[in-house]
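Reading through the structure tokens given below for one structure.
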Amino acid sequence: MLKEGLTFIKESLRDFRATGAVLPSSHFVARKITSKAVEAVNGSQLRVLEVGSGTGSFSRHLVESLSAGDVLDLCEINPNFAERLRSR
């Protein structure tokens, strides 16, 4: 998590306009928001488009909630973040 935060800060300083934030979302915020999104579909197929996935704070929790037939699409403009997400 610390390495992820440092990567995010480095990328934010390098290209703030493409990052759009100074710090990544915390584990607690990401879990709270994603759990509400998953609850909202009420057992139906989950289809999520995450734009600006960054280091994957939200993605990590969404992946844990996926079931067979669910879809999670990630979009990330920053090539360093995109590669990090791909490797995960």
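Note that the coordinates shown come from a computational prediction; the quantities given were computed from them, not determined experimentally. The first residue in the sequence is number 1, and the count goes up from there.
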Atom pair [atom1]/[atom2] of [X] and [Y] - distance to nearest 0.5 Å:
{"X": "Ser57", "Y": "Glu50", "atom1": "OG", "atom2": "CD", "answer": "8.5 Å"}
{"X": "Phe81", "Y": "Ser12", "atom1": "CZ", "atom2": "OG", "answer": "7.5 Å"}
{"X": "Ser59", "Y": "Glu76", "atom1": "OG", "atom2": "CD", "answer": "9.0 Å"}
{"X": "Ser53", "Y": "Leu85", "atom1": "OG", "atom2": "CG", "answer": "5.5 Å"}
{"X": "Glu11", "Y": "Asn78", "atom1": "CD", "atom2": "CG", "answer": "4.5 Å"}

*If you take all heavy atoms of Ser25 and Phe58, which pair is closest and at what distance?*
OG-CE1, 3.2 Å
*asked:* Quick one, Asn80 with Arg14, criterion side chain to side chain contact (heavy atoms under 4.5 Å, CB included). Give me CA distance, side-chain angles, the key distance, then yes/no.
replied: CA-CA 11 Å; Asn80 294 323; Arg14 187 182 66 77; 3.9 Å; yes
Show the atom names and distances, to 0.1 Å, of all donor-acceptor pairs under 3.5 Å that link a side chain in residues 66-73 to residues at least two apart or in another chain.
| from | atom 1 | to | atom 2 | distance (Å) |
| --- | --- | --- | --- | --- |
| Asp70 | OD1 | Leu46 | N | 2.8 |
| Asp70 | OD2 | Ser67 | N | 2.7 |

*Flag yes if Val38 and Leu74 sit in one hydrophobic cluster, no otherwise; membership is Ile, Leu, Val, Met, Phe, Trp, Tyr, and two members link when side-chain heavy atoms are under 4.5 Å apart.*
yes
*What pairs meet the salt bridge (Lys or Arg N to Asp or Glu O under 4.0 Å) rule with one or both residues in residues 79-88, with sequence neighbours excluded?*
Glu4-Arg88, Glu83-Arg86
_From Glu64, Glu39, His61, residue fulfilling side chain to side chain contact (heavy atoms under 4.5 Å, CB included) relative to Thr34_ = His61
